[in-house]
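By convention in this document, chain letters (A, B, ...) are assigned in the order of the sequence lines, proteins followed by strands, and residues within each chain are numbered from 1.
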There are 2 protein chains.
Amino acid sequence: MIKGDTSSMAELCFVSLRDAIVEGKVKQGSKLSETKIAEQYQVSRAVVRDAIAKLEVCRLVERKPNIGAKVISLNEASLNELYQVRSALEALAARLAANNMTKQQRQQLISLLDSQKSVVRSNNYYQEAGDVDFHYHIITGSNNQSLVDLLLGSIYYLVRMYRVQLGMTGPRVSNAYFEHQQIAMAIERQDGELAEMLMRRHIQYSMQTIIDKFAANSISQLQL
Amino acid sequence: MIKGDTSSMAELCFVSLRDAIVEGKVKQGSKLSETKIAEQYQVSRAVVRDAIAKLEVCRLVERKPNIGAKVISLNEASLNELYQVRSALEALAARLAANNMTKQQRQQLISLLDSQKSVVRSNNYYQEAGDVDFHYHIITGSNNQSLVDLLLGSIYYLVRMYRVQLGMTGPRVSNAYFEHQQIAMAIERQDGELAEMLMRRHIQYSMQTIIDKFAANSISQLQL
DNA sequence: AGTTGATAAATTGTCGACAATGTTTAATTT
DNA sequence: AAATTAAACATTGTCGACAATTTATCAACT
């Protein structure tokens, strides 16, 4: 954590903790000790409490009075629920992107897909977080701040947390690239209805993959 | 604020501040002074800061380092965006409610509508917050906790804030009751697709009403 | 009257301390 | 040995204080 930025220490602590949780450095279900985190980051507990309060509302931690906070536990039921919500919201994002994307945003999306073409050939197509993430561009391209806040404020991190937990940040089958292309073409043609439908399908397939992976992961842990 | 509860003071302060903001006691766009709020509620500033941190993530306040927090400003663009998101999420809630509602929840919904029948006759049909709110029952009846958290954690309060600002907590035309009935019947018959479609329509009409009201309100303020 | 600069006052961000609560460890009883 | 109770320890919730930053006020100048 770099001091001297225009952000408060509390904000930096929040981002740092959020990333540590999402990327699996702090395990799901584990207890967050304000005292230890304050020591580790060399800040006062007030800073840590501010960050934890916000993480609670982001639904990455659960907090109980006098007991403290712990990272949420991941389970198949909540994964299912999360994907239902994700599907509804990202389908909306795709429809709005088809209608609302600026020319510049459209060009960025196309450029992104072009730059990823060679990656697909070597069967290494996957989505890193942030600027090079296809979904991130669709969401921001919706130009609906309320939707951006919801998706990038909470859903995005929860989904990523599951993917990290399941080791799904690595290569994926290249169907995803094809689906992304189809969605991008619908958006380019400003066909909101098609973009929405394709995105629903895409998320549905993705959901099936991650649920299968979760189930397989649970079975292999039972066998240990 | 009652002390001695099992909730922390920070939680009570959060709820109290949220309600004050949503119900218009603290004006939109106004500055929140930690010092003054702490005085008013007779707690330390730490309690107030905890509450404000959470209100920030709920998107009811905007916070800037070294400047402080202020209540969001309401405007037509963000109202529009909010309703787009609300429509997607409540349509999903209706579909899930048709599939997931327990028998008991279904009975409660029907009872609620029955109890409101006489109110409609006197043209006084409106939705108070919480337990007697039709939408609240649909959302909880979705039995998707992720969806409940999103809608009841943020969207619900933002929508209510707009309605209070526009004086829309009073009587409404009784079309709403008819629409609610139609939705409830689709849910009772477990017809998720119809429930979803009817809910989209219902929110769309509601959106048109509130946008018209917002525009009329803005014009009348310009004429002052 | 409007602008600029300096000073005072207020507010925010963070700190360490204290009291209350919960957890862990040790001692006692069965 | 197992169960119960008491004591010690750790953590959380809240407090007031300090330093840094911003805002408000006032005086001087144009």
Side-chain angles (χ1 to χ4, degrees), chain A residues 1-21 25-73, chain B residues 1-21 25-73:
Chain A
M1 271 200 318
I2 300 160
K3 303 192 179 184
D5 202 329
T6 55
S7 306
S8 63
M9 295 307 303
E11 176 68 22
L12 294 175
C13 185
F14 165 69
V15 170
S16 197
L17 257 189
R18 184 187 60 190
D19 289 348
I21 288 166
K25 287 177 200 149
V26 180
K27 296 301 173 194
Q28 54 146 335
S30 67
K31 185 85 191 295
L32 295 184
S33 159
E34 302 173 1
T35 311
K36 287 196 182 125
I37 293 166
E39 260 178 50
Q40 185 188 340
Y41 287 167
Q42 298 191 1
V43 292
S44 81
R45 276 180 50 234
V47 171
V48 179
R49 290 184 64 81
D50 196 287
I52 289 178
K54 286 161 68 173
L55 287 167
E56 180 189 17
V57 182
C58 287
R59 299 153 54 219
L60 289 169
V61 308
E62 291 166 333
R63 208 178 177 198
K64 288 182 183 173
N66 291 314
I67 308 275
K70 68 171 192 172
V71 178
I72 58 166
S73 294
Chain B
M1 273 202 316
I2 301 161
K3 303 193 178 182
D5 201 327
T6 56
S7 306
S8 63
M9 294 306 304
E11 177 67 23
L12 295 175
C13 185
F14 165 69
V15 169
S16 197
L17 257 190
R18 185 187 60 191
D19 289 348
I21 287 165
K25 287 177 199 151
V26 181
K27 297 300 173 195
Q28 56 146 335
S30 67
K31 185 83 190 295
L32 294 183
S33 160
E34 302 174 359
T35 311
K36 288 196 181 126
I37 293 166
E39 260 178 49
Q40 186 187 340
Y41 288 168
Q42 297 190 359
V43 291
S44 80
R45 276 182 48 234
V47 171
V48 178
R49 291 184 63 82
D50 196 288
I52 290 176
K54 287 160 70 175
L55 287 167
E56 181 189 18
V57 182
C58 288
R59 297 153 56 217
L60 290 168
V61 308
E62 291 167 331
R63 207 177 177 198
K64 287 183 184 173
N66 291 313
I67 308 275
K70 68 169 190 173
V71 178
I72 59 166
S73 295

Checklist entry - Taking C-beta and beyond as the side chain, do A:D50 and A:C13 meet within less than 4.5 Å on heavy atoms? => result no

Checklist entry - Taking side chain as C-beta onward, heavy atoms only, is A:L17 less than 4.5 Å from A:Y41? => result yes

Checklist entry - Taking side chain as C-beta onward, heavy atoms only, is B:I72 less than 4.5 Å from B:Q28? => result no

Checklist entry - Is it true that a side-chain atom of B:K31 and a backbone atom of B:I67 form a donor plus acceptor pair closer than 3.5 Å? => result yes

Next on the checklist: Expressed as a whole number of angstroms, how long is the span from B:D50:CG to D:dT12:P?
Outcome noted: 13 Å

Item to check | Integer-rounded Å distance: D:dT22 P and B:K70 NZ | outcome: 16 Å

Next on the checklist: Does the protein touch nucleotides 8-14 of chain C at the base, only the backbone, or not at all? Give it as B, S and - per nucleotide, heavy atoms under 4.0 Å.
Outcome noted: ---SBBB

Item to check | Backbone N/O of B:E11 and side chain of B:K54: donor-acceptor pair under 3.5 Å | outcome: no

Checklist outcome for this item: To the nearest angstrom, the CD-P distance between A:E39 and C:dG16 comes to 12 Å

